[in-house]
Colleague: 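Sharing a structure, written as structure tokens. Questions coming.
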Amino acid sequence: MLSIFSFVSVLALCFALPGACQTRTKAPSGAVVVRPSNPGSGEFTSVAAAINSLPNDSSSRTIFIFPGTYSGQVTINRSGPVTVYGYTSNVQDFNSNQVVLTHSASLGTAGSDDLSGTLRILSNNVKIYNIDIKNTFGVAQTNGQAIALSNYGSRVGIYASRMYSYQDTLYTNKGTHVYLKSYIEGAVDFIFGRLSQAYFEGNTIASKGYGCVTASGRQSNDAGIYLFNNNKIIKASDAFSNVTGDVWLGRPWGSESNFVVANRSQLNKAVWSVWNTATPNTDHVTFAEYNSTGSGVAGVSRPSFSTLLTSSQAAQYTIASAIGSDYISWVDASYLS
Ligand SMILES: *[C@@H]1O[C@H](CO)[C@@H](O)[C@H](O)[C@H]1NC(C)=O
Ligand SMILES: *[C@@H]1O[C@H](CO)[C@@H](O)[C@H](O)[C@H]1NC(C)=O
Ligand SMILES: *[C@@H]1O[C@H](CO)[C@@H](O)[C@H](O)[C@H]1NC(C)=O
Ligand SMILES: *[C@@H]1O[C@H](CO)[C@@H](O)[C@H](O)[C@H]1NC(C)=O
Ligand SMILES: *[C@@H]1O[C@H](CO)[C@@H](O)[C@H](O)[C@H]1NC(C)=O
């Protein structure tokens with residue numbers, strides 16, 4: 001009986017909130033289709049082959065992927081816009097994702113952070129919806145940088161997608177990015193990069209073990225920023241025991257790290273870390289917080305190189321200040337609160 005009642009309440013939610021249970025189970029017209037088996041004419045069984053079939057011109061192209069686990073690295077580097085949709089029964093909820101991209105590589109085996117990425121976005125105007133991206137080297141190993149998503153594009157949106165590794169899961173390295181209603185799992189420096197302007201909202205950030213959530217590598221006083229608004233930081237369901245008490249929001253990989261977090265809920269009392277004892281890198285960092293909530297916040301002690309913003313200071317940090325006021329032209333607002 002319980003299941004009937006929950007079914008009824010899910011239906012009620014779907015009717016009460018239009019869009020809350022929007023499905024995407026058919027290829028939009030004109031999309032290149034990927035299926036795990038028995039492809040129709042013009043369809044593909046490999047995501048990389050589908051991407052590589054797109055003409056390298058300025059036209060906008062769409063890929064639609066049926067449920068399945070697809071192994072192999074995928075690189076997007078064509079001139080025009082690319083939108084990739086995963087099949088889903090609820091476009092707003094990553095728990096409904098049914099498409100998985102997997103690849104196993106590390107900096108050591110591939111030669112660079114970027115080259116280890118399961119999904120590499122090297123061009124501009126890319127949207128990714130309802131896709132799980134795993135670096136299985138990182139999921140299995142606790143030593144070695146292994147990127148799930150390597151992002152060098154401008155105007156790139158990642159929506160209701162999930163990224164999994166251990167060290168360096170999300171390489172948000174260059175360009176303007178949004179990560180909305182997504183799931184990012186890792187343990188060490190698992191959101192990191194040098195130059196990007198990145199806005200994170202409505203994500204679940206899951207810590208798997210001892211380490212820092214972010215490692216901003218900003219090296220000069222440029223526009224680079226990570227702005228986090230309304231994200232939840234939790235312990236991953238497969239976390240190691242050393243996650244407890246040993247998760248920091250960030251440490252400065254670069255000497256001018258710029259990271260503002262507002263309205264988050266926090267896992268535990270540890271907040272900000274030095275890069276390491278010999279090279280603290282804290283002289284010019286902006287590690288700022290506003291309105292942190294959660295069980296770990298009460299009585300927390302913050303290091304002197306961090307900042308607690310006043311409400312008027314916090315009001316100056318907005319999605320537009322982070323990624324530019326033209327965000328309206330490229331961000332899918334149905335994933336913003
Ligand atoms: C598309 O063309 C550009 C410029 O000619 C080139 O650098 C790039 O590698 C090409 N991308 C692909 C996927 O072929
Ligand atoms: C991606 O494209 C850019 C320019 O369009 C080009 O300079 C670069 O070499 C390409 N990268 C790869 C890995 O193909
Ligand atoms: C955390 O625990 C995992 C699993 O036992 C281990 O591999 C990792 O090295 C530990 N991290 C640290 C910093 O001790
Ligand atoms: C924090 O949340 C409040 C209320 O939703 C919002 O008005 C404000 O813009 C948020 N702060 C930042 C820095 O995003
Ligand atoms: C603080 O954050 C919570 C969400 O965590 C939000 O509901 C509330 O409006 C925020 N308060 C302010 C003053 O921004």
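In listed order, ligands and their atoms are each counted from 1. The chain is numbered in sequence order, starting from 1.
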Colleague: Taking only residues at least two apart or on different chains, which pairs with a member in residues 107-129 satisfy ring-ring contact (aromatic ring centres under 6.0 Å, His included)?
Modeller: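 Listed by first then second residue: Tyr85-Tyr129, Tyr129-Tyr159, Tyr129-Tyr335.
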
Colleague: Could an N or O of ligand 3 be found under 3.5 Å from any N or O of Tyr166, whether backbone or side chain?
Modeller: no

Colleague: Between Asn173 and Ser196, is any side-chain donor less than 3.5 angstrom from a side-chain acceptor?
Modeller: no

Colleague: Kindly determine whether Tyr199 and Tyr327 satisfy ring pair (Phe, Tyr, Trp, His ring centres under 6.0 Å), including the steps that lead there.
Modeller: CA-CA 10 Å; Tyr199 181 75; Tyr327 80 89; 7.9 Å; no

Colleague: Using distance alone, decide if ligand 3 has a nitrogen or oxygen within less than 3.5 Å of any nitrogen or oxygen in Tyr210.
Modeller: no

Colleague: Residues around ligand 2, heavy atom under 4.0 Å from any ligand atom, sorted by chain and number. Can you pull those?
Modeller: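 Lining ligand 2 at under 4.0 Å, by heavy atoms, one finds Asn77, Leu122.
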
Colleague: Verify the distance criterion only: is there a donor paired with an acceptor across the side chains of Arg61 and Ser59 at less than 3.5 Å?
Modeller: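 Yes, because at least one side-chain N or O of Arg61 sits under 3.5 Å from a partner of the opposite role on Ser59.
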
Colleague: If only atom types and distance count, is the side chain of Thr109 paired as donor or acceptor with the main-chain N or O of Ser106 below 3.5 Å?
Modeller: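 Yes; at least one donor-acceptor contact below 3.5 Å.
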
Colleague: Taking side chain as C-beta onward, heavy atoms only, is Val178 less than 4.5 Å from Phe200?
Modeller: no

Colleague: Hey, which atoms in ligand 3 end up nearer than 4.0 Å to a heavy atom of Thr142?
Modeller: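 In order of number, 7 (O).
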
Colleague: Any side-chain heavy atom of Tyr183 sitting closer than 4.5 Å to one from Asn203?
Modeller: no

